[in-house]
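To start, the structure under review is shown below, and the notes come after it.
None of these values were measured; they are calculated from a predicted model. Sequence positions, counted from 1, serve as the residue numbers for this chain.
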Amino acid sequence: MNNSTPAKDIIYIDIDDEITAIIDKLRDSKSKIVALVLPKRATTLQSAVNMKLLKRAADEDKKHLVLITSEAGLMPLATASGIYVAKNLQSKPEIPQATHTPADDIADDAEEAVMLDDEPLNKRASVGELAARGAQGRVVSPSYDTAAGAKKENEAVAFDNTTTGNEAKVGGLDAQKPLSKKDKSLKVPNFGNFRKWLIIGGAGLVVLIFALYMALSVLPRGSITIKTDSQAFDTNVQLTLDPNADTVDTTNNTLPAQVQKAQKSYTQQATATGEQNNGKKAGGTVVMSAGSCTGTIPADVAAGTGITSNGLTFITQSTAKFEADTTSQPGKCVFRTTKSIAVTAQSPGAKYNVAPTTFSVAGRSGVTAESDDSMSGGTDDIQKILQQSDIDSAKDKIATQDSSAIKQQLKNELTSNGMFAVEATFTATDPAISSSAQAGAAVDSATVTAKVTYTMAGTKQSDLERLVKEAVKDEIDQQKQSILDYGTDSANFSAPSTSTGGSIATTMQTTVVAGPDIDTDALAKQVVGKKSGDAEKIIKAYPGVVDVTIHYSPFWVTSMPHGADQITIVIEKPQKTTNVQ
């Protein structure tokens, strides 16, 4: 007989093991008989459902299950589930008796041997004895009498983990059959699947309710376009916005105004592009000549006079006096200075170190100067200096700053104060410029700061509409028509001009629409929930209504929504306009 797999497996259960973990341990066992050693207070199996799940798992795997426990609370559950119980590994396994059934009433078949692989299992043998089989693969009960030839039900059981055509029996009970007719009808539900489908069904119901709510209450929209016999008038209104006015003057078209101001500082770096040579100036001496000795002696050349050669200018350091000279040129008389005149380069720099040459004398066309020797002593020491053009360039960059943000800020401030912002009045003052270094300073760069003041004027929209109404009063039938749109939101204002007193003159160009006065909010409440035909009848009952167009969305909507805020009503503006002078 094959002894590679033990006939019985002993598994110790932890107190924290869930029923799924216990079932997994049962199924992982390779033995036909599995003894589960339970800890004290094994709460997991103190549930009839868990006990039945364990029994069903054992039956499905064709294993004989024995619970090793002395817990009194588990006995009724084991009885109801048909599970064998032993107090310890040396005790005899048996199905606990029900509390109402005497021990003598145990069915005779409960005394029969448990069959495994067509060999009888002595049910009176303990679990420990079943585990302690010998080399021959047999467990011998103490009640087994080899000499007397005991009955077949007391014979040892072969543990080869195989079955014949007959399934193994435990305590005379077929492991594949329920204990009674009542047990045969007992089926343990799969609560895991039940819970899963319950959650899925609940979630589906919630989604369905939400979808119906969205489809029937939130998404439906109604759009109504009404065409009336309204008229449009193009008009120009010359007006004055006066911050000092208190009331509207319709005669002079003067409106009280509010001027909002904001100051902003901008900075820009000005990079020095100029150069300054702080080296030493070159110097030397020259002798001046004023031509042949004719006429009177030429006037003196004053100190500080510039003499130039090849674009390099030197400055005389003393006065040059002329006299007749007959020695420098034998046989010829010329006017020359009596002594050499010291000169110094106009600017520092080594470029002024030049060889002897002839210089022209500023303001004296008939006078020349000749250097006695080379000009020398000039050195270079170049430094960056800030030029005025550098400052002006930074100023120009500041002037190109985007002012849209400050413009929006002033508009928002006027609006929050209940004013209609006239954006055309937005102006900026000339920037006040300051620089961290002045032109000519020996610096690499300077910070140029510009402070700009921005202004925007506004007036009350009701005051503006009052002037518009006054301008078109002679063009509309005030008995049948009212102004539907003053056109102020799309009005154009000409370039304003500001007076010394602070008032701002401008011209407003707007299109005024006059026609039947329809309260769109009240109309929306009238047509809620109505079909197209009924809604159209209600709308056309208004004087001046020529045509009505109704649209619904989404596609499944066939009537007006039940919320007035879900209905959009547009009164179509007239296509033709009349100019009002």
Side-chain angles (χ1 to χ4, degrees), residues 232-266 268 392 395-434 448-475 483 485-513 577-581:
F233 306 94
D234 286 339
T235 182
N236 296 331
V237 181
Q238 295 181 347
L239 54 91
T240 301
L241 304 174
D242 189 356
N244 300 315
D246 295 325
T247 58
V248 178
D249 184 352
T250 56
T251 302
N252 298 321
N253 286 355
T254 300
L255 302 178
Q258 176 181 327
V259 178
Q260 202 72 23
K261 296 183 178 181
Q263 190 178 73
K264 191 170 181 63
S265 294
Y266 301 94
Q268 185 71 41
D392 293 340
K395 179 181 175 181
D396 293 340
K397 290 180 180 178
I398 289 175
T400 60
Q401 293 285 336
D402 184 11
S403 60
S404 57
I406 196 74
K407 182 178 181 180
Q408 186 63 42
Q409 175 189 329
L410 293 177
K411 181 180 178 181
N412 292 342
E413 290 174 356
L414 287 169
T415 303
S416 63
N417 292 334
M419 294 290 170
F420 176 86
V422 182
E423 296 184 48
T425 62
F426 177 75
T427 58
T429 61
D430 290 334
I433 302 296
S434 61
V448 178
T449 302
K451 291 184 178 180
V452 183
T453 300
Y454 298 94
T455 60
M456 182 184 289
T459 187
K460 291 184 178 179
Q461 184 158 341
S462 58
D463 292 345
L464 202 59
E465 291 175 353
R466 183 174 172 183
L467 292 186
V468 173
K469 185 176 182 180
E470 185 71 18
V472 299
K473 66 179 181 179
D474 295 333
E475 304 297 328
I483 297 178
D485 187 359
Y486 289 89
T488 54
D489 291 338
S490 57
N492 293 320
F493 292 84
S494 64
S497 60
T498 304
S499 68
T500 55
S503 62
I504 303 170
T506 184
T507 300
M508 181 180 70
Q509 299 174 333
T510 183
T511 300
V512 182
V513 178
T577 58
T578 302
N579 291 324
V580 179
Q581 302 296 329

Considering all heavy atoms of both residues, which atom of Ser494 and which atom of Ala424 are nearest to each other, and what is their separation? O-CB, 4.3 Å
Non-hydrogen atoms of Ser503 and Pro243 that approach each other most closely: CA-CD, 4.0 Å
Check whether Asn417 reaches the backbone of Met419 with its side chain - one donor and one acceptor, N or O, closer than 3.5 Å. no
Taking the side chain as C-beta and beyond, is there a heavy-atom pair between Met508 and Val468 under 4.5 Å? yes
Has the side chain of Thr429 got a donor or acceptor atom that lies under 3.5 Å from a matching backbone atom of Thr453? yes
Ring pair (Phe, Tyr, Trp, His ring centres under 6.0 Å) filter on Phe426, not counting sequence neighbours, yields Tyr454
Taking every non-hydrogen atom, the tightest pair across Lys451 and Ser265: CG-OG, 3.4 Å
I'd like to check Val237 versus Leu464 (side-chain heavy atoms, cut-off strictly below 4.5 Å). Are they in contact? no
Distance, nearest 0.5 Å, that separates CD of Gln509 from CZ of Phe493: 10.0 Å
Can you measure from OG1 (Thr488) to CG (Leu467) and round to the nearest 0.5 angstrom? 11.5 Å
Is there a side-chain contact between Thr425 and Thr506 (heavy atoms, below 4.5 Å)? no
Could you measure the distance from the CG atom of Asp463 to the OG1 atom of Thr247? Nearest 0.5 Å is fine. 9.0 Å
Give me the atom names and distance for the closest heavy-atom approach of Pro431 to Ala450. CB-CB, 3.8 Å
Would you tabulate the side-chain donor-acceptor contacts of residues 254-262 under 3.5 Å, counting partners in other chains and residues two or more places apart, or write 'none'?
{"residue": "Gln258", "atom": "NE2", "partner": "Gln260", "partner atom": "OE1", "Å": "2.9"}
{"residue": "Gln260", "atom": "NE2", "partner": "Glu413", "partner atom": "OE1", "Å": "3.2"}

What distance separates Asp242 CG from Asp249 CG, expressed to the nearest 0.5 Å? 10.0 Å
Asp396 atom CG: more than 12 heavy-atom contacts under 6.0 Å: yes
With a 4.5 Å cut-off on side-chain heavy atoms, are Thr510 and Tyr486 touching? no
Thr240 versus Asn253: any side-chain heavy-atom pair under 4.5 Å? no
Would you say CD of Gln238 has more than 12 non-hydrogen atoms from neighbouring residues, nucleotides or ligands within 6.0 angstrom? no
Partner residues of Phe420 under the ring pair (Phe, Tyr, Trp, His ring centres under 6.0 Å) criterion, sequence neighbours left out: none
Roughly how far, to the nearest 0.5 Å, is the CG atom of Leu414 from the CD atom of Gln409? 10.5 Å
How far apart are the closest heavy atoms of Lys407 and Glu423, and which atoms are they? CE-OE1, 3.6 Å
What's the separation between atom OG1 in Thr511 and atom CG in Asp485, rounded to the nearest 0.5 Å? 8.5 Å
